[in-house]
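Just so it is clear, the structure is predicted and the values come from calculations on it, not from any experiment. Computation of the quantities below employed the complete heavy-atom set of this structure, encompassing side-chain atoms and omitting hydrogens, waters and symmetry-equivalent molecules.
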Amino acid sequence: MLAAAALMAASCGTANRGSLTADELSRVTINPIPLNYRFLNTKPVRREAADPVCERFGGRYYLFASKSRGYWSSGDMRNWKYIPAPSIESIQNYAPTVMVRDSALWFIASGSTQIYRTTQPETGVWEKVPTKFNYGMTDPCLFGDDDGRVYMYWGCSDKDPIVGVEVDPNDGFAPIGKPDSLIFHNIAEHGWEVAGHDNDRGVKGWNEGPSMNKLGGRYYLQYAAPGTQYHVYGDGVYVGDSPLGPFTYQKDSPFSFKPGGFIYGAGHGHTFTDRYGNLWHTATMAVSVRHGFERRLGMFPAYVTKDGTLATHTVLTDWPFILPDRKTDFSRNDLSAGWMLLSYGKAVRASSVLRGAAADKAKVGLENPWKTETFEPSNAVNEQVGNWWAAATGKAGEWIEIDLGREMDVSAIHVNFSDHGLQVDELSSFVYSYTVEASSDRHAWTTVIDKSRREAGASAGKSASTAQACAEDRPHDLNVLPSAVRARYVRLTNRRDMPAGALFSVSGLRVFGKATGKAPARVKDISAERDAKDTRHITIRWTPVDAATGYIVRWGTSPKNLSNACMVYGDTRMNARFFNRDDDYFFTVDAFNESGIRRGGGGIKAISK
């Protein structure tokens, strides 16, 4: 089942960049997108945003997501302003879709047939339009073709297909004819559509969340599987020459996929074009501890290859990356800022830790308590958003500190809060107050981030509805330093008492920058074992490399486009069931450490038959 293959070598050496300019620093961002994710009145309380769609309109970008009571506006895709939209009665419904047409934005969401329209989205004011669309549907997608015709797609089921129909925008979006069945479940051939965190449940997942784009004269009908709560949630695509098909499955599916790293998932998304003509894909990412629908949003560079394959970069996007300021070839540029992760697995200590009976009680009601077996400080540096350190209290002064092991150049600090025990109204904006200090000797400390004076809002026991509170609420807060700081120790401190019952908690205190030294050696001795009884299942193994912090496994059905990738920590294998039954795959493995990334040179080919 195996054959060695000489793959095209990607650029060798490290991913190092020189020092970033002030302009480049101003364009650095990260995933999950730093937003004021809204609260839901559930037990336990959780934040949620999912099923995103983003469109460029009037020189700005508008980002919509499920359960968000509004949407976000940005001029640069980095700084997002929250806009409540109470005039849309279905704004809190799942799976919104938005279309640009006739100098207006048009909106509809799951569970409602009412369509809304606005020409001034900055105001948050929308009007109902006469609507004759009469199909009850879930996960809709509105698509306006360049010939003026409009189509509606929908589907969210582990049984039923994804369907589409033309609608008449001049007659209340009335359907023209009957819906066509366009995408059917096919777990026998497509391993990634099988339910389960490891596609291991043996049953159909949920095919859902259709989205349509016309790219290079062809129609790309995208869909998500196998379920939003799974690590392997991604988006696949069928391609055709007309909006209602027939369509052909793109064998490099899923094209949007993130089964590893700090936060998993890249499914139920939407592809759009930025002001420079670059493609982007925004998608759903999973925390899924308090509830399977505890979710966040991601934004990934996308591109179409010369042979028409739709692809994205996801693997380094939960590390800092630089938003482009021009047309960019994403097939050659993954936008990485060149900073490495310095905090993984490092020694860490804290002011206090939630343990014992109180910790056991805290896990009651969590949908996935296995992710949070303990609340130890080490959880803040294990690159898993689904577990966290919790202090014993929520008092000001609780702290957590990382020992990087030696002095390093620190360029950015990504602070991820976990809202442990937080009980606030869903109309509230809770704002964390904190500082980050750096030291070389644990005696003399310098404050490098000071967010202690943020709007108190709900933390003072009141509902925070001010624009200031919304603007400062960032549970996933990327802090880019104006210049690198030389430090060995990094300490995060809570600066305001949390509301009653809440504990100061952190799922990721992630430090990025550079260490002196060299990137690890190139990975050798890669092997691929394909299950003879089920060729959807492939295990990749490689020889460990000295001084490697982790590895990046890259693959694709062509050696020229290894667009999918998975970051692996603490192991020298990737065991996966998400491959297509009848397609050959090519693999390489990169090694990385705190000094850089060494790209894989040669690789392996796994033959399907």
Side-chain angles (χ1 to χ4, degrees), residues 5 7-8 10 183 186-194 199 205 207 209-213 215-216 218-226 232-241 247-260 265-271 279-281 283 298 300-317 329-334 528 530 535-538 540 552-567 574 576-590 600 603-609:
L7 306 186
M8 289 185 63
I183 296 178
N186 190 357
I187 64 171
E189 295 184 21
H190 308 154
W192 71 279
E193 293 183 12
V194 179
N199 305 110
N207 284 6
S211 181
M212 172 62 83
N213 290 88
L215 304 169
R218 305 200 73 199
Y219 296 86
Y220 289 74
L221 180 57
Q222 301 141 64
Y223 70 109
V232 288
Y233 194 47
D235 282 338
V237 61
Y238 281 74
V239 186
D241 294 321
F247 293 101
T248 300
Y249 178 75
Q250 176 182 290
K251 62 183 181 179
D252 274 297
S253 287
F255 75 92
S256 175
F257 197 44
K258 193 176 184 303
H268 195 141
H270 174 251
T271 305
L279 285 179
W280 293 84
H281 189 73
F300 311 109
Y303 59 97
V304 178
T305 66
K306 292 180 180 179
D307 66 359
T309 298
L310 180 60
T312 65
H313 289 302
T314 64
V315 67
L316 289 173
T317 58
D329 184 354
F330 289 162
S331 69
R332 296 178 176 273
N333 185 347
D334 62 13
R530 195 157 196 170
T535 58
R536 300 171 303 174
H537 181 192
I538 304 176
I540 311 302
I552 300 172
V553 182
R554 301 180 187 270
W555 69 91
T557 61
S558 165
K560 297 180 180 180
N561 183 35
L562 307 183
S563 56
N564 273 330
C566 180
M567 191 167 281
M574 186 185 80
R577 296 175 172 84
F578 45 61
F579 298 100
N580 296 329
R581 182 189 67 191
D582 298 327
D583 290 315
D584 298 343
Y585 285 92
F586 299 81
F587 298 89
T588 62
V589 180
D590 305 343
I604 252 321
K605 178 181 179 182
I607 301 174
S608 62
K609 295 180 181 179

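Between the side chain of T317 and the backbone N or O of F300 there is no donor-acceptor pair closer than 3.5 Å. Listed for the Y585 side chain is no donor-acceptor partner under 3.5 Å among the backbone atoms of S558. E193 places no side-chain N or O within 3.5 Å of a backbone atom of G205 that could act as its donor or acceptor partner. K605 places no side-chain N or O within 3.5 Å of a backbone atom of I607 that could act as its donor or acceptor partner. Here the side chain of D235 pairs a donor or acceptor atom with the backbone of G269 at under 3.5 angstrom. Side chain of R530 to main chain of T535: a donor-acceptor pair is present (N/O by atom type, distance under 3.5 Å, no hydrogens or angles).
Every salt bridge (Lys or Arg N to Asp or Glu O under 4.0 Å) that D241 has, sequence neighbours left out, goes to R218. By the salt bridge (Lys or Arg N to Asp or Glu O under 4.0 Å) test, D307 is found to be paired with no residue, residues two or more places apart in sequence or in another chain being considered. Residues satisfying the side-chain hydrogen bond (donor to acceptor under 3.5 Å, both in side chains) criterion with H270, sequence neighbours excluded, are E55. Here Y303 pairs with N561 under the side-chain hydrogen bond (donor to acceptor under 3.5 Å, both in side chains) rule; sequence neighbours left out. Looking at residues two or more places apart in sequence or on another chain, you find a side-chain hydrogen bond (donor to acceptor under 3.5 Å, both in side chains) between W192 and Y249. Shown here are the ring pair (Phe, Tyr, Trp, His ring centres under 6.0 Å) partners of F330, two or more places apart in sequence or in another chain: W280. In this structure D590 satisfies the salt bridge (Lys or Arg N to Asp or Glu O under 4.0 Å) test together with R554, R599, sequence neighbours excluded. Residues that satisfy the ring pair (Phe, Tyr, Trp, His ring centres under 6.0 Å) test with F578, not counting sequence neighbours, are F257, W555. For T271, the side-chain hydrogen bond (donor to acceptor under 3.5 Å, both in side chains) partners two or more places apart in sequence, or in a different chain, are Q222, H281. Residues forming a ring pair (Phe, Tyr, Trp, His ring centres under 6.0 Å) with Y233 (at least two apart in sequence, or on another chain): none.
In this structure the side chain of I183 never reaches within 4.5 angstrom of the side chain of P210, judged on heavy atoms. The shortest distance between side-chain heavy atoms of R536 and R577 does not fall below 4.5 Å. Residues L221 and V237 form no side-chain contact, since every pair of their non-hydrogen atoms from C-beta on lies 4.5 Å or further apart. For the pair V553 and F587, the minimum side-chain heavy-atom distance is below 4.5 Å. Q250 places a side-chain heavy atom less than 4.5 Å from the side chain of F255.
Closest approach of A302 to T312, counting heavy atoms only: CB-CG2, 3.9 Å. Nearest heavy-atom pair across N199 and V194 is ND2-O, 2.9 Å. Of all heavy-atom pairs spanning S256 and A266, the tightest one is OG-O, 2.7 Å. When all heavy atoms of K251 and T557 are compared, the closest pair comes out as CE-OG1, 3.5 Å. For the pair A565 and P259, the tightest heavy-atom approach, listed with the atom from each and the gap, is O-CD, 3.8 Å.
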- prompt: Would E189 and N580 satisfy side-chain contact (heavy atoms from CB on, under 4.5 Å), going step by step from the backbone distance to the final call?
  reply: CA-CA 6 Å; E189 295 184 21; N580 296 329; over 6 Å; no
task: Check step by step if side-chain contact (heavy atoms from CB on, under 4.5 Å) holds for I552 and L316.
output: CA-CA 9 Å; I552 300 172; L316 289 173; 4.2 Å; yes
message: ring-ring contact (aromatic ring centres under 6.0 Å, His included), that's the test. Do Y223 and Y238 meet it? Break it down for me.
response: CA-CA 8 Å; Y223 70 109; Y238 281 74; 5.7 Å; yes
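Each of N333, D334, D329 was checked for a side-chain hydrogen bond (donor to acceptor under 3.5 Å, both in side chains) with S331, and the lone residue meeting it is D329.
To the nearest 0.5 angstrom, S253 atom OG is 7.5 Å from H190 atom NE2.
Counting only N and O atoms by type, the side chains of T309 and D252 include no donor and acceptor under 3.5 Å apart. Remark: the Y219 side chain and the N213 side chain contain no N/O donor-acceptor pair separated by less than 3.5 Å.
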